[in-house]
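Some notes on the structure that comes next.
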Amino acid sequence: MTQPRPDEFKPPPECPVFEPSWEEFADPFAFINKIRPIAEKTGICKVRPPPGWQPPFACNVDRLHFTPRIQRLNELEAQTRVKLNFLDKIAKFWELQGCSLKIPHVERKILDLYQLNKNVADEGGFDIVCRDRRWTAIALKMGFAPGKAVGSHLRSHYERILYPYNLFQSGANLLFVQKPTLPLDTSDKEYKPHDLAERQQFVQPAESCCNSARRAKRMRSGCVKTEPGTEPCENRPNLRRRMGSFVAKPEPGQYQQGFTLTTEDGSDEDRLLLCDGCDDSYHTFCLIPPLNDVPKGDWRCPKCLAQECSKPQEAFGFEQAYRDYSLRAFGEMADSFKSDYFNMPVHMVPTELVEKEFWRLVSTIEEDVTVEYGADIASKEFGSGFPIRNGRFKVSEKDEMYLKCGWNLNNMAMMDPSVLTHVTADICGMTLPWLYVGMCFSSFCWHIEDHWSYSINYLHWGEPKTWYGAPGFAAEQLEAVMKKLAPELFQIQPDLLHQLVTIMNPNTLMSHGVPIYRTNQCAGEFVITFPRAYHSGFNQGFNFAEAVNFCTVDWMALGRQCVDHYRLLHRYCVFSHDEMICQMASKANSLDVVLASAVQKDMKDMIREEQDLRDKVRKMGVKHCEQAEYNLLQDDERQCAKCRTTCYLSAITCPCSPGRLVCLHHIQDLCSCPLTNYTLNYRFTLDDLYPMMNAVKQRAEFYDEWASHVTETLEAKLDKKKSLSVFRSLINKSELKMFPDNDLLRQLRLVTQDAEKCSSVAQQLLNGKRQTRYRCGGGKTQSQLTVEELRSFVRQLYNLPCSLPQAPKLKELLNCIEDFQTHSEKLLADETTGTADIQSLLDVSFDFDVELPELPLLRERLAQARWLEGVQQASTQHSTLTLETMRRLIDQGVGLTPHPSVEKAMARLQELLTVSEHWEDKTSSLLKARPPLSIEALSETAEKVAGIPAYLPNCLMLKDSISRAREWLQEAEALQDEDSIPLFCNLSDMVIRGQDIPVQLGPLKQLESLVAEVQTWKECAAKTFLMKNSHFTLLEVLCPRCEVEAGSPKRKSKKAKDITQHSKKKMVKLDCLSDVEKALSETKDSASALATLGEVRLQEMGALSSLRAANESKLLPTADCMGLKVCVCQNPPMGAMLQCELCRDAFHSVCVRASSDSRSAQAWLCPHCRRSEKPSLDKVLPLLASLQRIQVRLPEGDALHYLVERTVSWQQRARQVSSSSSTVGCTHDLLHEQPGVCCAAADLSVELEELMVEGLLLQVSLPEITQLYHVLLNGLRTHHTNERTSLQDDDPSDCDKLKQCNSQGKKNLWAELKKREVLNGAEKKAKRRLEREAVEPERRDKAKKLQNKRQKMNKEKNLERKAASTTSSPHSDFSQSDDSEEEMCPAEGCQQPEGDEVDWVQCDGSCNQWFHQVCVGVTAELAENEDYVCDNCTISDGR
């Protein structure tokens, strides 16, 4: 990025820009009054109207014609104009001597002759600079680089060009040093004078200025400016030139003063030199020193030269162009100029580039750029850009709002808030808007508005307008700087800044301390200037703007001050300020109170000054007084002849000078007549003025009283300060009385708002709203103050114009905060501070809503202390100091602020963590080692880690593993020492536990192999016994059935009574397989296990007997066949049916798989009763033998053992029963031939059937089972056949054989039955007991249903049912029994007991009937321990 040049323009800061809302924009004066405190600090401001505010352009473009002003840019800048004026004088001096001025170059740039001349004069003059050899210093001062002999060049140029002029200015006669002093130099370019004064009077023909707004060609080595209609001096004819002459340049010391000598004899006419000014002739040799040749150009004699150079310089002003433009033609010219100058389209030229180029052009004398500016065009003649009522521009309905809008510049100056409404005359430019048509570089110079009024400018359209402004308080400073930097201009024109013809670079003014601000005004934007605010600027291109002045109440004091200032400058007034004041006073009753107050104050000063002046005039001798109607005269007819002030209240006239008058300040400047001849002309007498002032005063008195009270309240000090409520009451009073929104009221509101804010903040600080901030994790709030800000805030509270009750409390709060800071410093300095002290101090800080720098330090220290306490607590409790805890503490410690105690604890904790992690990893690897390590090696490691003060899970697991290993070894050793055979469940549990212990265990492999052998045995047994896809387990198959489903609850087994020695002990319930397995696991030896299984067998037999009886009873012919549910499908019997030989239930042949041969040798069993493959005994015995070799007890083994013993026992019984092959046949014969033994034969058949049932329950196949089945099957068939034969014919021989057989067989059969009865007596007792226990719950349930029923039992019917059940055949047509009949207690006089539980007792006699215990007088204990025989059975047995 290129660096800017040192002389490059640097833009000043931007002025304020306001964007009002529609509500604010509605009242322009209220908005301007609102922004005035801000905007008047910069002098100018910019206002952007709300979006959508776009007034139509109402100016008549076709009628608008104007003649612009010509502006030569380098003549506008004050310092540049001073240089140009100086060069014009030098050029004129040498031109009168017949030579042309040529500006030399030094170091490849044009020499600044003005600066060189000024620097030499500042150093004491040419002679002193030469004597002291200061040319090098002057070269450095002018910006030349040292060491290049520039000083000698500057001396040469000064001596050749400037020194003769300075000598002439001092009064020396230099007629002899004309041409020889300026020898030709090809490197110098001729300078053409600007002739500023002459140009003001020169009128150029219109046709010669076809394009006067032009850009001059840039000079390469100088600047040549040619005015239209002028030619160089060499081309003008010189009739008086007689001859050429050359005079050598004399030394500076040889210059002499004297008069030119002439001869009267007229001789030597060829040596006469004729003056081109006065035609006097001089001999060349009479000049001192004499001239050797006649000058080539015009020559002036000493008299003419002095006369020409002593002419006063004319005041500078703009020329009018020689062409009249229409708006369209001016726009085409302006756009063409800008595009040609910058060589790009006008809309693409950056505003920053135009701004820098403008200030470069106005500061250089090397380039002449001329532009034109259409300024101060009267809107009254051509029409305003804003629409007006009754104007030529027709306004649409949507644009009618702009006609009466306050921002319409035609309305603003004459609105009620504007003081100018009381000026009767229309003042063009002040009360009537002026139009401005600009082009690129056209400028408006530094100035302030007439009467120091406000101004507002609106840019209708076009390219931006760049503004520069200085605030009103810097006006005198800006004037002083400009007078200091360009005093020559103010000597010629004291009111130069009022002529709007001079500008000065803002950077120059800012370097001298003048505050300058800028802005770019775009189309549709307003720029407002404030009273006495100097402003200037230039146009970026073709645009159209409109401006007007206005004055508000706050301007009035400045307005009077401006009139006094104008009087000193002898500048005319645009209107009479006194006349305006009197005009307002005459309308006192309709004035606004604020305006009335301002008028009263201004009028008071006016009357006092007028009274003093009139008294002075009377004392001076003026006696005559006359009343004059000055309000009827034009302003130019009543101007003071001296100061040009417009007179209104009074004036002095003299009869000698009709029409001439002076103000009372300049009575001495009227004429030379005696003062007694003067006449005092007055508009009002003093007696007329006082009532006018009193009327205004009365109007403003109430407001003044309020304003005085406000002022007194605002200026109160110390104890005299009022409370905030007083300020609010004053504001309320102003709103009630509708006082205007002036500075005083705004100040009151501002002070009140500040006081309320301070009061709110102070109350917030006092309330301690920070109490829960850090407790809930918050931080600094936006309203939080620092302690220093709090001190400043407390000072602010005491500096407020009002007194606040919170101020003393806040001061006390500040003292508490300072005490807190003191304690915090002491606590932070102590390294042994605990968390309680820090927390208590932090708790105190919660009441301070102030940013305390100690709080972060205290919180850091608190975090450190808490962390140290956490570390200490964790270190003392080893059980909680885990690796995760240590890592968490270390992570927390890393985030803490470094502190020695924290670092030490961190080091210890890190060391402990390292050691712990090492041993944790090592113990983990030891525990995972394969094969496992010995208990001795692990014990050695456990001893090493025992001293680590931390909770190490792996180390603890190691210790636990060692402990469990020792316990396991002890159990294994005890297991080996025991004499009894170990249980498989215990052995398996030990193996599982041993496998979970990560320690090398010697006996474990032996136990694992033993368990594996048992598992192999179980698999072999399962293959032997279990059917394919069987849902039964091996134990379930081998054990007796403990869960036999009861078909009908109506059949009740007899309650068994235990007659053994353990009859009085309560037996263990064996209701399900899990109970059996548990009981087997709890037995100590095989004998106990076999006894348990014996009980299960009895339970199986009893349950199966009940099931068979229930199934046979439901199949009786008397039953409802359609209501019967049989088979696995639970549907009524139909078609071919099969009956299970074990459970006696019926099944559909299509639902179950039956043997293809209905006469199969094997008994058919239903799917419920066939539980296994029923291997032969030869296959089962090797299994038992192999298990005995393993020497391990398991429930399946005990069950197999019991099964084998049961099978062998049954086999022996079956062989004993069938030892005689004719037993069965004889039995049948005996049953028919001897009716007396029918009952015994029936009992024998039942006994064989029970033997057959028990054989079918065996899970081992035996040939005896098949034989017994055939015996029973054939016996039934023979019985039916013999019965039929006996009915037809009786064969005596067969009967004899049957009797003989029966006689022999009967003896053997009853002997066997007696033997079995003796052997199985205990089992029958146990069986009856189990039946009672099984039926008792059912009986109690039935008792609930039979509470209101009683029905006598038919004993014969029961006997028939029992006989029918014993003679049912396995394959028959059958019907179902009727189970709808409910049994009742058969006792006489049954009491029909009621309740949830009713106790029953079964007869142990021959009837087996059930009775209520209460009906037969039997207690529960007696029924449990003794046999009960009913009365009927007792009588029957007695018989």
Side-chain angles (χ1 to χ4, degrees), residues 878-886 915-1022 1033-1035 1073-1074 1077-1084 1187 1190-1198:
H878 299 168
S879 61
T880 60
L881 187 58
T882 63
L883 294 178
E884 186 62 30
T885 302
M886 286 187 278
V915 174
S916 301
E917 288 178 341
H918 168 72
W919 284 109
E920 273 288 273
D921 295 340
K922 188 172 183 179
T923 53
S924 177
S925 62
L926 292 177
L927 293 173
K928 294 178 181 178
R930 291 294 179 272
L933 300 179
S934 64
I935 192 169
E936 292 79 10
L938 296 179
S939 299
E940 182 181 355
T941 303
E943 292 176 359
K944 294 180 180 179
V945 301
I948 299 177
Y951 176 77
L952 305 178
N954 290 338
C955 296
L956 295 176
M957 188 183 299
L958 177 63
K959 296 178 183 179
D960 181 66
S961 299
I962 294 173
S963 176
R964 288 190 294 126
R966 289 173 178 167
E967 294 178 358
W968 190 90
L969 290 174
Q970 291 177 359
E971 292 181 11
E973 186 177 357
L975 188 64
Q976 293 176 359
D977 295 340
E978 289 181 357
D979 296 334
S980 60
I981 300 175
L983 290 173
F984 175 73
C985 59
N986 297 337
L987 194 64
S988 178
D989 179 66
M990 280 195 66
V991 170
I992 293 173
R993 287 190 290 113
Q995 290 174 348
D996 290 339
I997 299 174
V999 182
Q1000 183 178 355
L1001 302 173
L1004 180 59
K1005 290 185 178 180
Q1006 181 180 358
L1007 295 180
E1008 287 177 346
S1009 62
L1010 191 60
V1011 170
E1013 290 180 9
V1014 175
Q1015 292 291 351
T1016 303
W1017 181 89
K1018 290 178 66 175
E1019 293 176 1
C1020 184
T1033 63
L1034 180 61
L1035 181 61
L1073 182 64
S1074 60
E1077 185 176 6
K1078 181 179 179 182
L1080 293 176
S1081 300
E1082 293 177 353
T1083 56
K1084 297 181 179 181
L1187 179 62
I1190 296 175
Q1191 292 296 311
V1192 176
R1193 282 187 58 212
L1194 70 162
E1196 290 84 353
D1198 292 337

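Position 1 is the first residue of the sequence, and the numbers go up from there. Scope of the values below: all heavy atoms of this structure, side chains included, with no hydrogens, waters or symmetry mates.
Here the side chains of Thr1016 and Glu1013 are not in contact, with every heavy-atom distance at 4.5 Å or above. Glu920 has its side chain within reach of Pro953: a pair of non-hydrogen atoms, C-beta onward, lies under 4.5 Å apart. Contact check for Leu969 versus Glu973: no side-chain heavy atoms found under the 4.5 Å cut-off. Between Val945 and Asn954 there is no side-chain heavy-atom pair separated by less than 4.5 Å. Contact of the Ser961 side chain with the Leu927 side chain is registered, since non-hydrogen atoms from C-beta on lie closer than 4.5 Å.
Separating the CD1 atom in Ile962 from the CD atom in Glu943 is a distance of 8.5 Å, to the nearest 0.5 Å. We find the CD-CD distance between Glu1008 and Gln995 to be 4.5 Å, quoted to the nearest 0.5 Å. Going from atom CZ of Arg993 over to atom CH2 of Trp968 covers 8.5 Å, rounded to the nearest 0.5 Å. The structure places CD1 of Ile935 at 11.5 Å from CG of Leu933, a figure rounded to the nearest 0.5 Å. Interatomic distance, Ile1190 CD1 to Phe984 CZ, rounded to the nearest 0.5 Å: 9.5 Å. We find the CD-OG1 distance between Glu1196 and Thr1033 to be 7.5 Å, quoted to the nearest 0.5 Å.
The two residues Arg966 and Ser939 come nearest to each other via the heavy atoms NH2-OG, 3.3 Å. The minimum heavy-atom distance between Arg964 and Ile997, with the atom names listed, is NH1-CG1, 3.4 Å. Annotation for Pro949 and Leu881: closest pair O-CD2, 3.3 Å, computed over non-hydrogen atoms. Heavy atoms only, all atoms of each residue included: Val915 and Ile948 are closest at CG1-CD1, 4.0 Å. Closest of all the heavy-atom pairs between Gln1000 and Ser934 is OE1-N, 3.9 Å. For the residue pair Leu1034 and Lys1018, the shortest heavy atom distance occurs at CD2-O, 3.8 Å.
Judged by distance alone, with hydrogens and angles left aside, the side-chain atoms of Ser963 form no donor-acceptor pair with the main-chain N or O of Lys959 at under 3.5 Å. Of the possible donor and acceptor atoms, none in the side chain of Ser988 sits under 3.5 Å from a partner among the backbone N and O of Cys985.
Tyr951 pairs in a side-chain contact (heavy atoms from CB on, under 4.5 Å) with only one of the listed residues (Leu956, Leu883, Thr885), which is Leu956.
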- For Thr923 and Leu952, run side-chain contact (heavy atoms from CB on, under 4.5 Å): C-alpha distance rounded to whole Å, both residues' side-chain angles, the deciding distance at 0.1 Å, then the answer. CA-CA 10 Å; Thr923 53; Leu952 305 178; over 6 Å; no

- Criterion side-chain contact (heavy atoms from CB on, under 4.5 Å) on Leu1187 and Leu1194, from CA distance to verdict: CA-CA 9 Å; Leu1187 179 62; Leu1194 70 162; 3.4 Å; yes

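Heavy atoms from other residues, nucleotides or ligands lying under 6.0 Å from CD of Gln1015 number more than 12.
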